[in-house]
Amino acid sequence: MELLAPDLTGVDLLPQRLDLPNPYASVTRCDLTATAGAEVTVSDLPTVIVDLGPGVWTAHWFTSDWGDEFTPQEQLVTQALHLGITSGRSSKGMHPWALLERADGE
């Protein structure tokens with residue numbers, strides 16, 4: 001699995017994988033830095049693009065709503081999958097967590 005930064009103008013985005021003690025898991029963190037030297041307006045920013053290796057992959061994530069937090073979702077990854085939060089700093093609509101699992105466990 002490879003993390004790629006989208007091609008952006010006026011900002012740098014650095015995706016990083018942070019390994020966990022469990023060899024089958026890692027955390028992805030993205031640092032965003034304005035580089036334009038002037039005011040930059042950012043909207044609908046793809047924070048990370050993941051290029052999956054060969055195999056059968058399943059995406060897992062949680063949706064949420066007021067009074068209905070953390071409803072598990074899953075979907076086979078057969079094409080590009082866009083998971084996003086549009087409610088500002090709130091997790092209304094989707095919780096900012098996702099898991100990509102390959103069927104063979106590798």
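Residue numbers start at 1 and run along the sequence shown.
Of the inter-residue distances, the one linking Phe62 atom CZ with Glu74 atom CD reads 11.0 Å to the nearest 0.5 angstrom.
In terms of the side chain to side chain donor-acceptor pair (under 3.5 Å) criterion, residue partners of Thr63 (sequence neighbours excluded) are, by chain and number, Gln73. Partners of Leu83 according to the side-chain contact (heavy atoms from CB on, under 4.5 Å) rule, which considers only residues two or more places apart in sequence or in another chain, are Trp61, Leu81, Met94, Ala98. Checked against side chain to side chain donor-acceptor pair (under 3.5 Å), Glu101 has the following partners two or more places apart in sequence or in another chain: His60.
For Leu100 against Trp57, the heavy-atom pair with the smallest separation is O-CZ3, 3.8 Å. In terms of heavy atoms, Val77 sits closest to Thr58 at CG2-C, 4.1 Å.
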